[in-house]
Each structure stands twice: as structure tokens, then as C-alpha cells.
Trainee: 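Here you go, one structure.
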Number of protein chains: 2
Amino acid sequence: MPTPARTDRDAIVAAACALLEEGGTDAVTMQAVAERVGVRSPSLYKHVANRRALLDLVVGAAVADLDARSGAARGPEDARRSITAQVEGLRRFARERPRAWALVMGIAPDGPQPTTESAEASVRSLLEAVAELTGPEHALDGARLVVAWANGFIAMELAGAHRLGGDLDGAWRWGLDRMVDALGSDRAAG
Amino acid sequence: MPTPARTDRDAIVAAACALLEEGGTDAVTMQAVAERVGVRSPSLYKHVANRRALLDLVVGAAVADLDARSGAARGPEDARRSITAQVEGLRRFARERPRAWALVMGIAPDGPQPTTESAEASVRSLLEAVAELTGPEHALDGARLVVAWANGFIAMELAGAHRLGGDLDGAWRWGLDRMVDALGSDRAAG
DNA sequence: CCTGATGGCTAATTATCTTAGCCATCATGC
DNA sequence: GCATGATGGCTAAGATAATTAGCCATCAGG
């Protein structure tokens with residue numbers, strides 16, 4: 001090889017991820033990223049096309065991270081427990097990396113536009129659990145119900161929109177219980 | 001008064017709103033806004049503090065718009081219909097002004113906040129309808145369930161995350177039906 | 001020992017936000 | 001009718017960020 005590389009794409013993406021959580025999308029400047037990996041900003045362009053592409057890579061890394069956790073959380077045989085574990089995992093991720101989560105959800109003001117095809121791929125194992133409750137017919141509908149609720153709840157939680165007081169964790173559990181009950185109601189009712 | 005003003009804050013905010021929907025947050029440059037209202041960009045600073053503040057005003061206008069629609073949608077006596085009408089209104093708004101909706105959903109804790117009053121007002125009628133199904137004890141939990149689901153569904157819909165196929169409108173109706181059923185299940189079950 | 005691809009650098013361009021400072025206007029009070 | 005001062009416009013200029021252009025050092029391989 002030529003001149004020994006002082007950094008690489010992974011390090012750059014990692015630095016960008018860190019900056020994202022520290023200061024939001026605005027903090028992810030090419031200069032800040034460059035400084036963190038120990039080069040000058042123009043050198044970054046030898047590794048990523050531009051800032052936009054870098055943010056896309058950050059989103060991709062976040063989705064991969066989420067997938068990894070989701071895979072790790074897979075396990076419980078019981079459908080109800082499985083669903084619970086998965087939405088809890090989603091919530092945990094969102095709390096640990098709120099800005100990355102917002103970026104993945106597509107609700108970040110300056111974020112890259114929906115690159116989220118894989119967002120729902122990570123939900124595939126959820127489909128199986130849901131199908132046990134709804135039957136195959138409405139597995140997709142049911143998964144969408146659960147994921148929409150979880151993401152909506154998390155979004156409002158992170159945005160601080162839940163300020164009418166009350167017990168937030170209680171609302172989460174209550175909502176989850178009702179929702180999982182509802183998944184099976186279709187079958188029971190016919 | 002002095003020199004006749006060639007524009008005013010409302011016109012500026014309106015222009016910013018239009019630009020937002022046309023090209024996203026990035027398109028809301030001071031220059032573009034200025035051009036649209038017929039002045040040079042520095043003149044905007046006689047009406048708004050800076051770009052950040054302008055975006056805050058846009059969010060505020062969006063919230064007000066949403067509240068107004070929500071108020072107009074109030075009416076149906078039947079709790080189920082009322083809830084349906086309100087989430088449909090939310091979805092309609094999100095479809096008409098997707099970027100504004102995302103901005104409202106994405107507001108960071110440190111960012112602009114809708115006033116507690118307006119937020120509470122727009123939620124009050126939903127609370128009433130939900131309370132009819134859940135009883136007063138879980139009205140707030142129930143409202144959170146519904147709003148979280150609706151916003152989450154809309155977010156995923158707008159982000160294009162719903163590309164596993166299937167009937168989206170059907171999923172919306174199915175989810176809504178299950179959810180409203182679930183609101184009452186607590187009572188029935190004891 | 002050439003050679004060329006790689007990855008770093010400096011310098012410069014462009015776009016944008018923002019501030020500084022100037023000037024015209026016109027409602028008001030004399 | 002005329003001085004006046006606050007208002008809202010303008011041009012010029014400074015700061016910050018993304019990006020491009022073009023140069024140079026390194027080192028694997030022939």
C-alpha cells in the first residue's frame with residue numbers, strides 16, 4: 001500500500017455517531033469528525049463521498065446496531081414475552097442513542113431522507129411472534145400495530161411531549177398489555 | 001410609522017412553511033425566504049431573530065394549524081367515532097404537510113415546545129372520548145396509546161418504512177379497530 | 001531503483017447565516 | 001409646513017462549513 005492510512009471509514013462513521021449523540025446532527029461537521037479521527041477535513045473525502053453520505057452511513061450503522069440487539073433479544077418462546085422483549089429493546093436503544101434513533105425514524109429535522117427499508121427488516125422476528133397471536137392472516141397488520149405504537153410512544157417520550165404527567169412507565173406497560181390483548185381479540189371474536 | 005413595511009412576520013413564516021414543504025428544512029434558507037417575500041435576506045432579521053427562531057415559528061404555526069383542525073373535527077358524540085375522527089385528522093394533516101409534521105414530532109427537548117395549554121386543549125377532546133371507553137382511571141393511558149400508535153404509524157408511513165407490502169389503509173383500520181376495542185377491554189375484564 | 005496508486009495536506013471556491021452601518025420614509029408634535 | 005426619530009429597507013463584510021483542485025510523500029511490486 002501507499003501512504004499508511006491514518007484513519008478509515010469505520011473510524012469516521014464511529015466518530016460521526018459519537019458526535020451525533022453528543023450534539024445532534026448539527027454537530028456532525030466534517031471538521032469535527034476529521035479532528036476526532038486525527039486528519040484534516042478534506043481528507044475525509046478520500047473515504048466518504050460527502051457529508052450526506054456520511055450521515056447515511058451513520059443511519060446504516062444505527063440500523064445494524066439495532067438489528068444486532070434485536071437478534072440478541074430473540075429467544076423467549078412465549079409470543080407475549082417475545083413481543084415485550086423486542087419493544088423493550090427498541091425503547092432501550094432509543095434511550096441510549098436518541099439522536100440515532102430519530103435519524104432512523106426519519107423524524108430528525110436535518111436527517112437524511114428515509115433510508116429505512118431495513119428498519120422493518122429488523123422487525124421480522126416480531127412478525128413471527130405476532131403471527132402466533134393474530135394468525136398468519138393479520139401478522140403484518142399486527143406487527144405494524146405494535147411497531148407503530150412503540151415508535152410513537154418513544155418519539156413522544158424523547159420529545160418530551162408526554163408532559164401531562166402521570167406514570168410514563170405505567171402507560172407503557174398498560175398500552176403494551178392492551179395491545180397484545182388486542183392482537184388476539186380478532187381470533188377470539190372470529 | 002416609518003418606511004412602509006414591505007413584508008411582516010406572518011408573511012415570512014408563511015413563506016418558510018411553503019419552502020419547508022417544497023424542499024425540506026434545507027430549502028428554508030434566509031435568502032429563499034427573503035426572495036419569496038420580496039426583500040433581501042438581511043431585512044428578515046428586522047422581523048425574526050435568526051433562522052432558528054424562524055423554524056421555531058414554523059413549528060408553532062404548524063401546531064396551531066393542527067390544533068385548529070382538531071377543534072374543527074370535534075363533534076361526534078360516539079366515542080369510537082370521535083377517536084376515529086381525531087386520528088384521521090392527524091393523518092390527514094401529516095399527509096398534507098409531511099415536513100411540518102415531522103418537525104413537530106421531532107422537536108428536541110431543548111428545541112421549541114408547543115405550549116402546554118395548546119397541547120392540552122388539543123388532547124382534551126380525545127381524553128374525553130377515550131375516558132368513555134376506559135373509564136377515568138386510564139383515560140390518560142388510553143389517550144397515550146392512541147396518540148402514540150397514530151403518530152408512529154404516520155411516521156413509518158411517511159418514512160416509507162411500510163414497504164413490506166400489504167394494504168396500508170387496511171392496516172390502519174385494523175389497528176385502529178383493535179386498539180379501540182382494547183381501550184374497553186380493561187373494564188369488561190374487570 | 002522506478003512507478004503509480006493511495007491518502008494526506010494546503011489553498012481556494014462557494015453557499016449560507018449573521019452583523020454593521022447607512023439611508024429613506026413618514027407619523028408625530030411643534 | 002417642518003423637524004425628528006423610530007422603523008424597515010439596503011449594501012458590504014465577516015464567520016463558518018462543505019467541497020474541489022491540485023500537490024506531495026509513501027511504499028508495494030516489478
Side-chain angles (χ1 to χ4, degrees), chain A residues 1-61 99-100 103 108-113 115, chain B residues 1-61 99 103 106-108 110-112:
Chain A
M1 301 232 178
T3 295
R6 224 175 298 164
T7 188
D8 58 19
R9 175 176 295 203
D10 286 347
I12 290 169
V13 172
C17 283
L19 285 165
L20 173 68
E21 295 306 338
E22 286 168 26
T25 315
D26 289 347
V28 187
T29 67
M30 297 304 267
Q31 198 167 7
V33 172
E35 195 172 325
R36 192 160 288 215
V37 298
V39 299
R40 301 305 184 98
S41 54
S43 299
L44 295 179
Y45 293 85
K46 293 292 167 87
H47 301 278
V48 300
N50 51 42
R51 181 172 180 269
R52 195 75 177 172
L54 175 54
L55 287 176
D56 286 348
L57 289 173
V58 169
V59 170
R99 320 255 198 188
L103 229 49
D110 296 322
Q113 281 304 84
T115 44
Chain B
M1 295 281 165
T3 296
R6 224 176 297 164
T7 187
D8 58 20
R9 177 175 292 204
D10 286 347
I12 290 169
V13 172
C17 284
L19 285 165
L20 173 68
E21 294 306 337
E22 286 168 26
T25 314
D26 288 348
V28 186
T29 66
M30 297 305 267
Q31 198 167 4
V33 172
E35 194 173 324
R36 192 161 288 215
V37 299
V39 300
R40 301 307 183 97
S41 55
S43 300
L44 295 180
Y45 293 84
K46 293 294 168 88
H47 301 278
V48 299
N50 51 41
R51 180 173 181 267
R52 195 73 177 172
L54 175 55
L55 288 177
D56 288 351
L57 289 172
V58 169
V59 170
R99 319 253 198 187
L103 226 49
I107 40 187
D110 53 328

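Each chain gets a letter, A, B and so on, in the order the sequences are listed, and its residues count up from 1. As a basis for the values below, the full set of heavy atoms in this structure was taken, side chains included, without hydrogen atoms, waters or symmetry mates.
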Trainee: Looking at B/R51 and B/V28, would you say the former's side chain and the latter's main chain have a donor-acceptor pair under 3.5 Å?
Mentor: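 It does hold such a pair.
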Trainee: Any side-chain N or O of B/R52 less than 4.0 Å from the OP1 or OP2 oxygen of C/dT18?
Mentor: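 False: B/R52 side-chain N/O out of range (4.0 Å or more) of C/dT18 OP1/OP2.
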Trainee: Under 4.0 Å: is that the gap between some side-chain N or O of B/H47 and OP1 or OP2 of D/dT7?
Mentor: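 Answer is no, no contact under 4.0 Å.
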Trainee: To the nearest Å, how far apart are B/M30 CE and C/dC17 P?
Mentor: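 About 7 Å, once rounded to whole Å.
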Trainee: Hey, could you give me the CZ/CG distance between A/R52 and B/D26, rounded to the nearest 0.5 Å?
Mentor: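 Answer for the CZ-CG pair, A/R52 versus B/D26, is 6.0 Å.
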Trainee: Please determine whether a side-chain nitrogen or oxygen atom of A/R40 lies at a distance below 4.0 Å from atom OP1 or OP2 of C/dT10.
Mentor: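 A/R40 to C/dT10 OP1/OP2: side-chain N or O found under 4.0 Å.
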Trainee: Within this structure, what is the CZ-to-P distance between A/R9 and C/dG7, rounded to whole angstrom?
Mentor: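 Result: 11 Å.
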Trainee: B/P42 has a side chain; which of C/dC9, C/dT19, C/dG7 sits nearest to it?
Mentor: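 It is C/dT19.
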Trainee: Look up atom CD1 in A/I12 and atom CG in A/L57, then write down how far apart they are to the nearest 0.5 Å.
Mentor: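 If I round to the nearest 0.5 Å, the distance is 9.5 Å.
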Trainee: Nearest whole Å is fine: how far is C/dA15 P from B/D26 CG?
Mentor: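 One finds 15 Å between P of C/dA15 and CG of B/D26, rounded.
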Trainee: Once you round it to whole Å, what is the distance between P of C/dG7 and CD1 of A/I12?
Mentor: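 Those two atoms, CD1 and P, are 10 Å apart.
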Trainee: Heavy atoms from C-beta onward define the side chain here; which of C/dC17, D/dA18, D/dC10 lies closest to that of B/R6?
Mentor: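 Of the candidates, D/dC10 comes closest.
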Trainee: Look at the side-chain N and O atoms of B/S43 and state whether any lies under 4.0 Å from the OP1 or OP2 oxygen of D/dG8.
Mentor: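 It does not, given that no N or O in the side chain of B/S43 lies less than 4.0 Å from OP1 or OP2 of D/dG8.
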Trainee: Is it true that atom CD of B/E22 has more than 12 heavy atoms of other residues, nucleotides or ligands lying nearer than 6.0 Å?
Mentor: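 It does: B/E22 CD has more than 12 such atoms within range.
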Trainee: Please report, rounded to the nearest Å, how far the P atom of C/dT16 is from the CD atom of B/E35.
Mentor: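 So the CD-P distance, B/E35 to C/dT16, works out to 11 Å.
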Trainee: Between A/S41 and A/K46, just flag the one whose closest nucleotide in DNA chain D comes earlier from the 5' side.
Mentor: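 It is A/S41, whose closest nucleotide lies nearer the 5' terminus.
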Trainee: Mind calculating the distance between CD (B/Q31) and P (C/dT18) to the nearest angstrom?
Mentor: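 So the CD-P distance, B/Q31 to C/dT18, works out to 13 Å.
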Trainee: In whole Å, what is the span from the OH atom of A/Y45 to the P atom of D/dA18?
Mentor: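 Spelled out: OH on A/Y45 to P on D/dA18 is 6 Å.
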Trainee: Distance check needed: C/dT16 P versus B/L19 CG, whole Å only.
Mentor: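 So the CG-P distance, B/L19 to C/dT16, works out to 12 Å.
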Trainee: Does B/R51 put a side-chain nitrogen or oxygen below 4.0 Å from OP1 or OP2 of C/dC17?
Mentor: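 It does, given that an N or O in the side chain of B/R51 lies less than 4.0 Å from OP1 or OP2 of C/dC17.
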Trainee: Going by side chain to side chain contact (heavy atoms under 4.5 Å, CB included), B/T25 matches just one of B/L103, B/L19, B/V58. Which one?
Mentor: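 Single pass found, and it is B/L103.
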